[in-house]
Amino acid sequence: MYQSDITQFLNKLKADRPQLEDEQRKGRSLLWDKQPIDLEERADQQASRIAQTPYSYYQNF
């Protein structure tokens, strides 16, 4: 059965480094998997924000 060069490379890489997929999962969890948002805390944060003026260098509002 035909396998492309890229498929052969990936299969060899996975065979040489069996821990690779676990490392990828750990990296993904650091960057993408987020904790659930506390809605009450989020509402408090939104309520405490100060509205920014449209042009911050113009002070005559």
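- Each of E23, R17, R25, Q19 was scored for a side chain to side chain contact (heavy atoms under 4.5 Å, CB included) with E21, with one residue passing: R25.
- Residue D33 holds its CG atom at 4.5 Å from CZ of R28, rounded to the nearest 0.5 Å.
- Residues passing the salt bridge (charged side-chain N to carboxylate O under 4.0 Å, His left out) test with D38, sequence neighbours excluded: none.
- Under the 4.5 Å side-chain heavy-atom criterion for ILVMFWY residues, no single connected hydrophobic cluster contains both I37 and L31.
- Using a 4.5 Å cut-off on side-chain heavy atoms (C-beta onward), L30 and K26 make no contact.
- Within a 6.0 Å radius of CG in L13, other residues, nucleotides and ligands contribute more than 12 heavy atoms.
- Of the candidates N11, L10, D5, N11 is the only one forming a side chain to side chain contact (heavy atoms under 4.5 Å, CB included) with T7.
- D44 pairs by the side-chain hydrogen bond (donor to acceptor under 3.5 Å, both in side chains) definition with nothing, not counting sequence neighbours.
- Heavy atoms from other residues, nucleotides or ligands lying under 6.0 Å from CD of Q45 number more than 12.
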